[in-house]
Amino acid sequence: MVHCSRHKNNGRAAIEYHYHPDRLNFPLKRVGERGQDQWEVISWDQALDEVAEKLNYYRDTFGAESVAAATGTAHYGDYTWTKSKFLNLFGSPNNHGNEAICHGPQTKAYESTLGWAGQIWLTPGVTNTLVLNSNQRESAPVCFAAIEGVKASGGKIISISPRFGNVSMLADYYLPVRPGSDGALYLAWLNVIINEDLYDHEFVEKWVVGFDELKEFVQPWTPEKAAEICWVSADMIRETARVYATNQPSRIIAMQSYDGQAPNGFRTLRCVAMLEAIIGAADNGCPVAGPVNPDVFEDDYHAERNDMLPWSQQVKQIGGDRFNVLGFPGWKLLGEGQLRRYGTAMYTHWSNQGHAPTMWRQILDEKPYPVKALIMTGCGALTKYSNTKLVLEAFKKLDLIVVADFFPNANTAMADYVFPMSDWMERPLMESYGASLMANVACGMNAVEPLYERRSDYDFWRGLGIRCGQEEYWPQETLIENHDYRVKGTGKTFEEIATHEKCIAEPLVHLGYQKINPKTGEAYGFATPSGKAEFHSEVLEKLGQDPLVHYEEPNFSPYSTSEYAQQYPYILITGCRVQPFYHSEHRQIRALRDLHPDPIVEVNPETAQALEPPLVDGDWAWIETHLGRIKMRVRVSTAVGVGIVSAEHNWWFPEDDPKLPSLYGAFKSNINVVLDDDPDKCAQELGGYTNKNAMCNIYKALV
Ligand SMILES: Nc1nc2c(c(=O)[nH]1)N[C@H]1C(S)=C(S)[C@@H](COP(=O)(O)OP(=O)(O)OC[C@H]3O[C@@H](n4cnc5c(=O)[nH]c(N)nc54)[C@H](O)[C@@H]3O)O[C@H]1N2
Ligand SMILES: Nc1nc2c(c(=O)[nH]1)N[C@H]1C(S)=C(S)[C@@H](COP(=O)(O)OP(=O)(O)OC[C@H]3O[C@@H](n4cnc5c(=O)[nH]c(N)nc54)[C@H](O)[C@@H]3O)O[C@H]1N2
Ligand SMILES: [Mo]
């Protein structure tokens, strides 16, 4: 329900997916050299026994922190908290994922400002003005339908994006912002809304900490100043700020366009949270959903057993001390207010991660301690992370790589053990986003029993857990028994909910911060340390981060690195979603691949014409940065502005050679091969690396 393409509603493709001849059906153990595609089929018991024996050995010899896990976006609710629970009980703080560049910056920006994650999806019927990037029809079709609803009922749509996409077509205002510069634009919106007195005085006086400081800070940020930085006219900035503030209720839904920006993503999203607050929209029109009541549902925060990992291990988290808003320090400080207000906090899976780019480097130099094993469930490390060749070098150095997945891919090709996972038709699903972005838990029964030896992520982590001394903590033998246990507070079984309501939903409470807590007789307030909306954030200050906001010129930009820009003159945005695919997935599903056979790079006609030789539609082109080059197929399109290049992400070719150095063509067309992840250039707060505002060269590929 959350990421709409995740459950692949295309019926024809679902059947193909389920019975696909390439599916992983049995556990595999590597027999030849790593990366040579030589395997032995073994039983689950043997595979789990052998992996657990090695993990126990690493823990006893090098410390539990020498075992790390990495995951990606959540498909199935049971792979998120199970991994965190295993790690917490095992003693390792090293949980890695995408949150430095996925929704982490947004989540943390809202948490630090308003106490809980902002909703990234649109609730139908509550909006007059919508501010969006441009691609929801591909990335979030349900949200797109709601956007169309807003439009149909006379609402205003402001699309801010360097790429004119399906949302821009509906827009009343289209702002072709320079990639990576949205922060400057929003500072100018704050300037206009404050100076033209368009803000909610009562809210600001009663509920905001740091308003005067912000007011002073944004004074130099006139629309004229922002216009020079953002490439959007001052008049347009002024007019859209007024529309946003006056044509209420208003929402800003930015999604990965800001999350994927370094160094500004987090700060830009702090501006967004402050804008929602000063116009009086905080917790109104539901940007702050809050969690599902933990008395009714055992949420992920509790299921993860975060109480079990001692501080002495937490401090060993890789990159957690440096990129501390996403690491343990920030998670714990933000959690204090949340526990007070809601009785629960954001779960670690998404909200507390180590820094993957730092981990690859630590695997190679073993400082300050060695990392021996990496377990990946739901993680395309060799497709999704920037600087992918470095990731491969790190893989080669690891003693043990374990991958649980549905299909063979570059990661399984480099693994020592591969576990076959059950798909969404075979697994009783409980999507517990109640612990993060939305106040509901979606439930659905499996349609069929798993084929062959496919099992769930719950089975995988529980299987390892009971072999690593955690038996007493995993009492429910099956996933469905565990679901029953977690929904016990509703007085129903999981199957009853999954068959009838299909959801455990909290009634949405508007202006919940104003409601009186019967236990104290005082208003609940926000889940921040002060109980107010914190423009000056106490948590950020304690973490040594900027407690307010500021804007920095991106590391790679026509302005900040003029020498680099001469060699790599085009601004590169990446990862604009396309409907048949979910990140690296579905390239082997004929029904879907036929819709979109090649990796596409979009180039403006003027840019394409000016190249020597010129690029025409259907050409293959090299995209090059200081890290090398990859090849994609050209679409000449006015959707992107002159000088901007938009490349798809996470491409590989299941039809290619599985062995090294090819690894299913993982280095041929994946834009991440040429994107930088240097920790010194990462965003200070969460360690985000840039995949929305890099620089590149592009030229015709003659072969
Ligand atoms: N089909 C499909 N759907 C998906 C996914 C998928 O892989 N496939 N992935 C899911 C996941 S995990 C995520 S995080 C979401 C992401 O969801 P979205 O954020 O909607 O992702 P994109 O499609 O990348 O859209 C980003 C938009 O931002 C624009 N953009 C790029 N750079 C900038 C910039 O600097 N400023 C501004 N203002 N705009 C910019 C791009 O032109 C693009 O239109 O999608 C989810 N949905
Ligand atoms: N250049 C660039 N790179 C990007 C992005 C971008 O916009 N531009 N977007 C980034 C973002 S926002 C994200 S979220 C990441 C996505 O990164 P990932 O989520 O890691 O996506 P994939 O690379 O598709 O790898 C996921 C793997 O997990 C498997 N899998 C899926 N669900 C499950 C499950 O429930 N259990 C198990 N065991 N396996 C499962 C899939 O088959 C697949 O092989 O990519 C990031 N990378
Ligand atoms: Mo994401």
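Both ligands and their constituent atoms are indexed starting at 1 by order of listing. These numbers were taken from a predicted model, which means no experiment stands behind them.
You'll find the ring centres of H626 and F556 inside the 6.0 Å limit. Aromatic pair F323/H355: ring centres closer than 6.0 Å. In this structure, the ring of F653 has its center less than 6.0 angstrom from the ring center of W651. For W44 and F419, the gap between ring centers is short of 6.0 Å.
D598 places no side-chain N or O within donor-acceptor distance of the main-chain N or O of R633, the cut-off being under 3.5 Å. A donor-acceptor distance shorter than 3.5 angstrom exists from the side chain of E99 to the backbone of H103, with no hydrogens or angles considered. Here the side chain of E624 pairs no donor or acceptor atom with the backbone of R629 at under 3.5 angstrom. Although no hydrogens or angles enter the test, the distance criterion places a donor-acceptor pair under 3.5 Å between the side chain of T574 and the main chain of N691. Between the side chain of R454 and the backbone N or O of Y452 there is no donor-acceptor pair closer than 3.5 Å. Put simply, the side chain of Q261 gets close to the backbone of S257: a donor and an acceptor are under 3.5 Å apart.
Under a 4.0 angstrom heavy-atom cut-off, C379 registers as being in contact with ligand 2. The shell of residues lying under 4.0 angstrom from ligand 1, judged by heavy atoms, includes V578. Heavy-atom separations between Q136 and ligand 1 are all 4.0 Å or longer. Close to ligand 1: T73, with a non-hydrogen atom less than 4.0 angstrom away. The closest approach between any non-hydrogen atom of K692 and ligand 2 is below 4.0 Å. Ligand 1 is never approached by E585 to a heavy-atom distance shorter than 4.0 Å. Residue contact check for ligand 2: F407 places no non-hydrogen atom closer than 4.0 Å to it.
Within the 4.0 Å heavy-atom criterion, neither part of N411 lies near ligand 2. The part of N672 lying near ligand 2 is the side chain, judged by heavy-atom distances below 4.0 Å. When heavy-atom distances to ligand 2 are checked against a 4.0 Å cut-off, Y76 comes that close through both its backbone and its side chain.
The distance from ligand 2 to the heavy atoms of D457 drops below 4.0 Å at these ligand atoms: 34 (C), 35 (O), 36 (N), 37 (C), 38 (N). The ligand atoms of ligand 2 that sit less than 4.0 angstrom from a heavy atom of L675 are 1 (N). Below 4.0 Å from some heavy atom of A404 lie the following atoms of ligand 2, by number and element: 37 (C), 38 (N), 39 (N). Against a heavy-atom cut-off of under 4.0 Å, I671 is close to the following atoms of ligand 2: 1 (N). Taking a cut-off of under 4.0 Å to the non-hydrogen atoms of C102, the atoms of ligand 2 that pass are 12 (S), 14 (S). Close contacts between ligand 1 and E138 involve ligand atoms 1 (N), 2 (C), 3 (N) [criterion: under 4.0 Å to a heavy atom]. Heavy-atom proximity to Q579, at under 4.0 Å, picks out these atoms of ligand 1: 1 (N). Close contacts between ligand 2 and D405 involve ligand atoms 27 (C), 28 (O), 29 (C), 41 (C), 42 (O), 43 (C), 44 (O) [criterion: under 4.0 Å to a heavy atom]. Shown in contact with V177 at under 4.0 Å from a heavy atom are these atoms of ligand 1, numbered in order with element: 36 (N), 37 (C), 38 (N). Atoms of ligand 2 lying under 4.0 Å from at least one heavy atom of N409, given by number and element, are 44 (O). Proximity to T383 (heavy-atom distance under 4.0 Å) selects the following atoms of ligand 2: 23 (O). Atoms of ligand 1 found under 4.0 Å from any heavy atom of G180 (numbered from 1 in listed order, with element): 34 (C), 35 (O).
Here atom 22 (P) of ligand 2 lies nearest to S584 when heavy atoms of S422, S386, S584 are compared. Among M255, H583, H586, the residue whose heavy atom lies closest to atom 17 (O) of ligand 1 is M255. Which of R178, R137, R577 comes nearest to atom 13 (C) of ligand 1 through a heavy atom is settled by distance: it is R577. Nearest to atom 40 (C) of ligand 1 by heavy atom, out of S161, G183, P179, P162, is P162. For atom 36 (N) of ligand 1, the nearest non-hydrogen atom from the set N650, N135, D182 comes from D182. Comparing Y258, F144, F581, F164 by heavy-atom distance to atom 8 (N) of ligand 1, the nearest is F581. Of all the listed residues (Q256, R587, K83, K384), K384 holds the heavy atom that lies closest to atom 20 (O) of ligand 2. Scanning C576, S257, C143 for the heavy atom closest to atom 28 (O) of ligand 1 points to S257.
Partner F407 forms a ring-ring contact (aromatic ring centres under 6.0 Å, His included) with one of H18, H586, H20 and no other, that one being H20. No option in L190, T268, L269, L187 other than L187 meets the side chain to side chain contact (heavy atoms under 4.5 Å, CB included) test with V549.
Considering backbone and side-chain N/O atoms, Q261 comes within less than 3.5 Å of an N/O atom of ligand 1. Of the polar atoms of G72, none of the N or O atoms is found under 3.5 Å from an N or O of ligand 2, judged by distance alone. Backbone and side-chain nitrogen or oxygen atoms of H103 are examined, and none is located within less than 3.5 angstrom of a nitrogen or oxygen of ligand 1. Considering backbone and side-chain atoms together, T71 places no N or O closer than 3.5 Å to any N or O of ligand 2. Considering backbone and side-chain N/O of G575, one or more are found under 3.5 Å from N/O of ligand 1. Annotation: I160 places an N or O atom under 3.5 Å from an N or O atom of ligand 1; distance criterion only.
A donor-acceptor pair shorter than 3.5 Å cannot be found between the side chains of D182 and N264. When only modelled atom types and interatomic distance are considered, Y186 and Y258 share a side-chain donor-acceptor pair under 3.5 Å. Under 3.5 Å, the side chains of Y76 and E431 contain no donor-acceptor pair of N or O atoms. At a cut-off of 3.5 Å, with distance as the only test, no side-chain donor of N411 or D405 sits close to an acceptor on the other residue. Judged purely by distance below 3.5 Å, without hydrogens or angles, the side chains of S422 and R427 pair a donor atom with an acceptor atom. Between the side chains of N672 and K384, no donor N or O sits under 3.5 Å from an acceptor N or O. For the residue pair Q579/H596, the side-chain donor-acceptor check at 3.5 Å is not satisfied.
Looking at residues two or more places apart in sequence or on another chain, you find a side chain to side chain donor-acceptor pair (under 3.5 Å) between E685 and R267.
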